[in-house]
There are 2 protein chains.
Amino acid sequence: MAKRAPSRRIGIADVAKQAGVSHATVSRVMNGNFSVAADIAERVRQAAADLKYQPNSVGRSLALGKTDTIGVVVPDLENPTFQAILRGVSRAAARDGYRVLIADSSEVSSEEAILAGEARRRCDGVILCAPRMADADLRDLAPALHPLVLINRSTPVEDTPCLSADYGQGIQDLAAHLVARGHRRLVFLAGPEPSASNRLRVRGLELFMEQHPAVELQTVPGGVSFAAGHEAVDAILASGATGVLAFNDLVAMGLLSALHERGISVPGQLSVTGFDDIPFARYTTPTLTTAAVPITELGEMAWQRMSAVLRGDEDVVLGTVIQPEVILRGSTGPAPS
Amino acid sequence: MAKRAPSRRIGIADVAKQAGVSHATVSRVMNGNFSVAADIAERVRQAAADLKYQPNSVGRSLALGKTDTIGVVVPDLENPTFQAILRGVSRAAARDGYRVLIADSSEVSSEEAILAGEARRRCDGVILCAPRMADADLRDLAPALHPLVLINRSTPVEDTPCLSADYGQGIQDLAAHLVARGHRRLVFLAGPEPSASNRLRVRGLELFMEQHPAVELQTVPGGVSFAAGHEAVDAILASGATGVLAFNDLVAMGLLSALHERGISVPGQLSVTGFDDIPFARYTTPTLTTAAVPITELGEMAWQRMSAVLRGDEDVVLGTVIQPEVILRGSTGPAPS
DNA sequence: TTGAAAGCGCTAACAC
DNA sequence: GTGTTAGCGCTTTCAA
């Protein structure tokens, strides 16, 4: 037996008693079931209002077998990309009456599986952003998580919608832009080695190089943050490149800031590109050339897929790849002669 | 009767049957109750593993009368301030085994009350950031939301912990800094009229002006975003002021960007201050002088308060005011002579 | 130490 | 149209 609460919250039974009807009738009224006589319905509504009745959604969830909540697992709530995904999911889900439970793995990827499972137990489904989780782990985990939607994974998982941006194409487009402006020595300021989205960029650049044998490309280890870009400045300058392809906007901004401190002119001496087009990219000095990934929309689309699965749609789109769009701004220019 | 699901999820009953014990025993084992014989416990664990049993947390919540989840209501998931609060709450709550449900009112303040109530029904408590909600509405709402923790409200509400930053003092400190550098004509690039935190800044500036009769202060309408700051540039220039106190960092950055486009030198011709010290503030050009509000910590503290209330602590701290700290960077300098 | 049974708050099938 | 009742999956009291 559950706790004998001394002063329970108002429940459906209290309203039923107050209105002099059965609790089934109260339930009907609360759910807008019209098979209740108008006068009785009114009496029930009055009683509910008098008692300030708030339906208990846990009871409701148990009876209905659904929570109207989905979990979103992100590696880092501090990263604008994941904030944007979360925002997109949250808004789209809210329009359909669903709420979002957040699970932030704080970049501890060993936690992701646990968090995701935990989230799934409380929710009707989970949207998983786990860019660094090993493919094998993901495949093991997936069945227990279903309904599951994946974001930014290249791994196809059976019966699991997956949304991602074409980082490979985006970085090629940026490289092409630099080459068109006369740059022949490029450097890739890389993201985390194990990250799927970094691998896609690397692969894209490999393809690009095959088609542009005259271009030279180096790689400098970077990271995902301002600080990573800031710290990489020496290695970038040492590379002798005239064009820098940064892993993302954050890294590019850190680099821009360090270059400014060193008195290096951008794009006069060095052109720099970012990736993502975070809101701040248009406010840096100089403004940042980047490949825009409509990441909030990607979050919204993730909800569409989840919603389709929850509705039991027969043919949910499984693979979705969004094409980034190159945005030319002030941080790139012709190669110095 | 609930839906006759054709293929239910594995429940405690399945594990009980498989292990040849009652479901009460399974429950005891799953909850680490030691009053179960070691061999039986092992058998149960084995059965649970075989069946890949995942305890259903809705059932658990109903029996226990708690969800181990708290709701966080924010006006805008796009705003770095609220992202940081959310992050602070989420991480602190996670450490105590609680999860966070997000409710984004998308700046529609009429939605806040509904969202908050809705969140409360699904959660054990709610942390409310509703800077524009009218005091009276908040007081009406509070009892139904309890346990409730308020963020950035100056309204005291009975029995409700409230955390806020001392925006009034922070803006005075920034103004003092400008005056110390010789500025005599200041302009406040204001936030939203009805926002409590804007009113605190206004009040702070009034106090400041009383103590500095030689200083002239104008007010220009602004907003909360980049765009607002960017658009205000003409009004700012028209004011003839040499020092600008922007409502927050975002607004300051938008203004900085517009000033850069106009070729106005900062801080040579105009000094600009922000507020909040968002992560990007140290990477603008020039870097932004601002008043740092440790907002993630504020989120963490909000969880501490909530946690205390949930534990039934007798004397929870109700009012907490965090002092912003002025961070001097490159966007402010001596008044032009 | 274990099982039977009640109850958490709600929905819905069924009978009237 | 409305009430009775079973059941969602779990915890916990009580009795054995």
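Computed from heavy atoms alone, side chains included, the values below leave out hydrogens, waters and symmetry copies. Bear in mind the structure is a predicted one, so any value in this text is a computation, not a measurement. Numbers restart at 1 for each chain; the letters A, B, ... are given by sequence-line order, proteins then strands.
- B:Lys52 is not listed as a side-chain neighbour of B:Arg9, based on a closest heavy-atom distance of 4.5 Å or more.
- Atom NZ in A:Lys66 sits roughly 18 Å away from atom C1' in D:dG9 (whole-Å rounding).
- Here the rule is side-chain hydrogen bond (donor to acceptor under 3.5 Å, both in side chains) with A:Arg305, and of A:Asp313, A:Thr320, A:Thr160 only A:Thr320 fits it.
- Residue B:Ile12 contributes atom CD1, which lies 5 Å from atom P of D:dT11 at whole-angstrom precision.
- Between the side chains of A:Thr67 and A:Asp124, at least one donor-acceptor pair of N or O atoms lies under 3.5 Å.
- For residues 36-55 of chain B, proximity to DNA chain D is found at B:Tyr53, B:Pro55, defined as any non-hydrogen atom under 4.0 angstrom from a strand atom.
- Distances were taken from every side-chain heavy atom of B:His23 (C-beta onward) to each of C:dA6, C:dT2, D:dG9; the shortest belongs to C:dA6.
- Taking five base pairs at each end of the helix from C:dT1-D:dA16 to C:dC16-D:dG1, the local helix axes there meet at an angle of 40°, rounded to 10°.
- Residues B:Asn56 and A:Arg122 have side chains that never bring a donor and an acceptor to within less than 3.5 angstrom of each other.
- For B:Asp14 and D:dC10, the CG to C1' distance is 13 Å, given to the nearest whole Å.
- Within the 4.5 Å cutoff, the side chain of A:Leu128 has heavy atoms near those of the A:Leu138 side chain.
- Taking the nucleotide of DNA chain C with the nearest heavy atom to each of A:Asn56 and B:Phe34, the more 5' of the two is matched to B:Phe34.
- Between B:Asn31 and the phosphate of D:dT11, there is a side-chain N or O to OP1/OP2 separation shorter than 4.0 Å.
- Rounded to a whole Å, the CG atom of B:Leu64 is 11 Å from the P atom of D:dT13.
- Rounded to whole Å, the distance from CE on A:Met30 to P on D:dT2 is 16 Å.
- Rounded to an integer number of Å, the gap from A:Lys17 NZ to C:dG9 C1' is 15 Å.
- Among A:Arg91, A:Arg99, A:Arg87, A:Arg95, the single residue meeting the salt bridge (Lys or Arg N to Asp or Glu O under 4.0 Å) criterion with B:Asp104 is A:Arg91.
- At a cut-off of 3.5 angstrom, counting only N and O atoms as typed in the model, there is a donor on one side and an acceptor on the other between the side-chain of B:Arg28 and the base of C:dG3.
- Comparing B:Ser35 and B:Gly59 by the nucleotide of DNA chain C that holds the closest heavy atom to each, the one mapping nearer the 5' end is B:Ser35.
- The side-chain heavy atoms of B:Tyr53 and B:Ile12, taken from C-beta on, include a pair separated by under 4.5 Å.
- What separates CZ of B:Arg9 from P of D:dG9 is a distance of 11 Å, to the nearest Å.
- Going from atom CG of A:Asn33 over to atom P of C:dA13 covers 11 Å, rounded to whole Å.
- Side chains of B:Asn79 and B:Gln83: no donor on one and acceptor on the other come within 3.5 Å.
- Regarding contacts with the backbone of C:dG3, a side-chain N or O of B:Thr25 is found under 4.0 angstrom from either OP1 or OP2.
- For C:dG9, neither phosphate oxygen OP1 nor OP2 lies less than 4.0 angstrom from any side-chain nitrogen or oxygen of A:Arg60.
- Partners of A:Leu51 according to the side-chain contact (heavy atoms from CB on, under 4.5 Å) rule, which considers only residues two or more places apart in sequence or in another chain, are A:Ile10, A:Asp14, A:Val15, A:Gln18.
- The pair B:Arg45-B:Glu42 meets the salt-bridge criterion, since a charged nitrogen lies less than 4.0 angstrom from a carboxylate oxygen.
- Residue B:Val58 is classed as having no contact, given no heavy-atom separation below 4.0 Å to the nucleic acid.
- Listed pair B:Ser27 / D:dC10 fails the phosphate criterion, with no side-chain N or O lying under 4.0 Å from OP1 or OP2.
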